[in-house]
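Structure, as structure tokens:
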Protein chains: 2
Amino acid sequence: MKIEILTKTENQKILNGIISKIRDLMNYKNLEPGDKLPSERMLSEKFDVSRSNLREAIQKLEFYGLLTSKPQSGTFVADIGQVAMNGMIEDILRLEEPDFKSLVETRISLELKTVRLAAQRRTKEDLLQMRMALDAYSEKVKNGEDAVQEDLLFHLAIAKASGNSTMNTFMLIITPQIITNFEKYHVCDKDLAYRGIGEHQDIYEAIKEQNPQLAKAKMKVHFKTLYQYCYNI
Amino acid sequence: MKIEILTKTENQKILNGIISKIRDLMNYKNLEPGDKLPSERMLSEKFDVSRSNLREAIQKLEFYGLLTSKPQSGTFVADIGQVAMNGMIEDILRLEEPDFKSLVETRISLELKTVRLAAQRRTKEDLLQMRMALDAYSEKVKNGEDAVQEDLLFHLAIAKASGNSTMNTFMLIITPQIITNFEKYHVCDKDLAYRGIGEHQDIYEAIKEQNPQLAKAKMKVHFKTLYQYCYNI
DNA sequence: TTTCTTAAATTGGTTAACCAGATTGGTTTG
DNA sequence: CAAACCAATCTGGTTAACCAATTTAAGAAA
């Protein structure tokens, strides 16, 4: 068989095609939670795709919790009924690449929550890590150096201190994309960076004092100065 | 070479081991943004792991936006400096499986935002889809059937109407895990389901009227009844 | 007829061989 | 001397062969 190299978007298209075929099959066969899918080999032949592509598709559905595969046994429908299964797969297929505005919106929403949780739950170790990130940030800014990374680490330290592993994960997912965009558009100028020092300090103090409402307010201030230029992009 | 089948947790451990080795290498070699990593074959030999395992590790770092690999060319460090790179990898390695409480907290926080955005941005198609999900839910409840799926689809319709693809994705990620837990602990009794009809209706109306604050308030009410039993688990 | 045993077939996971495109270094050519 | 060219090599991606655990069902034993 001839080997073909695909770009990532082409590959994505094929994957989505396979996923929709899997959905159709599950509907046609009326597969219910716990039922076993046909084997990978059979499906790849039936759909006329390579087994590795089919595997990728299954793994994507596994990521969203819709299928689970057991070694040497089979791939099974998760505990999700047909209605929800169809709805979710449709959503997954329609998912588009996130735009910068979506990322920023989501970050603000998440951080206004993590900062409150951090104020409630922070341990001494959490405080120490935040302190270190904060100091590293100040140092860089005062030396006139770029401090986007240190800024980021301070915010990630807050996410960690929130004690919510889901939000922590989400912050990790969106953070690098935000950094990339920030650097691309040169969002951070020096004046902004200087103001950032005091704002970080305020947030840190509020968390230290375990004052969730104050922490949230200070985070809001921080975002306001951060993103006042953003929406012109 | 002898083939070994691993459980998913064992595999996860190996993956994390490889990731930390990649981090060490990047530090030792002072790799900067844009620099090329050694080839997969070299790394797999150097780390004494299979190439496929190494590939998985790289793909995980790609998922978090820390590396990008170009076909027939190489794997490159993303536009993230060494400090942030180290911090993020450390966070990724420490990530634990989300507990139910984290999921619920995150869902509430996300949905209180998506519902406001949906009220601002919903199109007529969005309304239609929400209406359909809502009717399907009522129907099921009135027939005394389980309606967890239809409930879910209503909430996903709101996420879609929010016009924020990032939040939409996040909702898709956490939703199946929440359903599974709900069904496991039998959170939803019939009384709750009946009240859900009216609450959904209220949320829908607020979104239709494009009243973000009211929509948020109604969503809060909905969550209150939904999760009043949850925290006993 | 029922239950236990066992061997063959099936399955998802893993490894190794292979492919096509990109890179690179040297050579040729203007 | 510089630019264009070309082939050998290297790279990530893809496929096919292989592995071991599981499942299945046929056969033996009760």
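Here is the naming used below: chain letters follow the sequence lines, and residue numbers restart at 1 for every chain.
- B:Phe170 and A:Phe170 have their aromatic ring centers within a separation under 6.0 angstrom.
- Remark: P of C:dG13 and CD of B:Glu56 are 10 Å apart, rounded to the nearest angstrom.
- Taking atom CZ of B:Arg51 as the reference point, atom C1' of D:dG12 lies 6 Å away to the nearest angstrom.
- Two residues, A:Leu37 and B:Lys36, neighbour DNA chain C, and the one matched to the more 5' nucleotide by heavy-atom proximity is A:Leu37.
- As rounded to whole Å, 13 Å separates atom C1' of D:dG13 from atom CD of A:Glu10.
- C:dT15 atom C1' lies 11 Å from atom CG of B:Asn53, rounded to whole Å.
- No more than 12 heavy atoms of other residues, nucleotides or ligands sit less than 6.0 Å from atom CD of B:Glu45.
- Ring geometry, B:His155 versus B:His200: the interplanar angle exceeds 60°, so the pair is classed perpendicular (tilted spans 30 to 60°).
- Using modelled atom types and a 3.5 Å distance limit, the side chains of A:Glu40 and A:Thr75 yield no donor-acceptor pair.
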Quick one: do B:Arg121 and A:Glu105 satisfy salt bridge (Lys or Arg N to Asp or Glu O under 4.0 Å)? Show the steps, please. CA-CA 14 Å; B:Arg121 301 174 184 167; A:Glu105 248 177 29; 2.3 Å; yes
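- Distance from the side chain of B:Ser39 is smallest for D:dG12 among the nucleotides D:dG12, C:dG12, C:dT11.
- Taking the side chain of A:Glu40 as heavy atoms from C-beta on, and the options C:dA17, C:dT11, C:dG13, the nearest nucleotide is C:dG13.
- A donor atom on one side chain and an acceptor atom on the other are found under 3.5 Å apart for B:Asn53 and B:Ser50.
- In this entry the distance linking CG of B:Leu43 with P of D:dG12 reads 8 Å, nearest Å.
- Residues from residues 58-78 of chain B lying near DNA chain C, meaning a heavy-atom separation below 4.0 Å, are B:Gln72, B:Ser73 in numerical order.
- Atom CZ in B:Arg55 sits about 14 Å away from atom P in D:dT11, given to the nearest Å.
- Heavy atoms only, all atoms of each residue included: A:Ser109 and B:Met167 are closest at CB-CE, 4.0 Å.
- In this structure, the nucleotide among D:dT11, C:dG13, C:dT15 sitting nearest to the side chain of B:Ser52 is C:dT15.
- With rounding to whole Å, B:Asn11 atom CG is found 16 Å from D:dA21 atom P.
- One donor-acceptor pair, N or O on each side, does fall under 3.5 Å between the base of C:dG12 and the side chain of A:Arg41.
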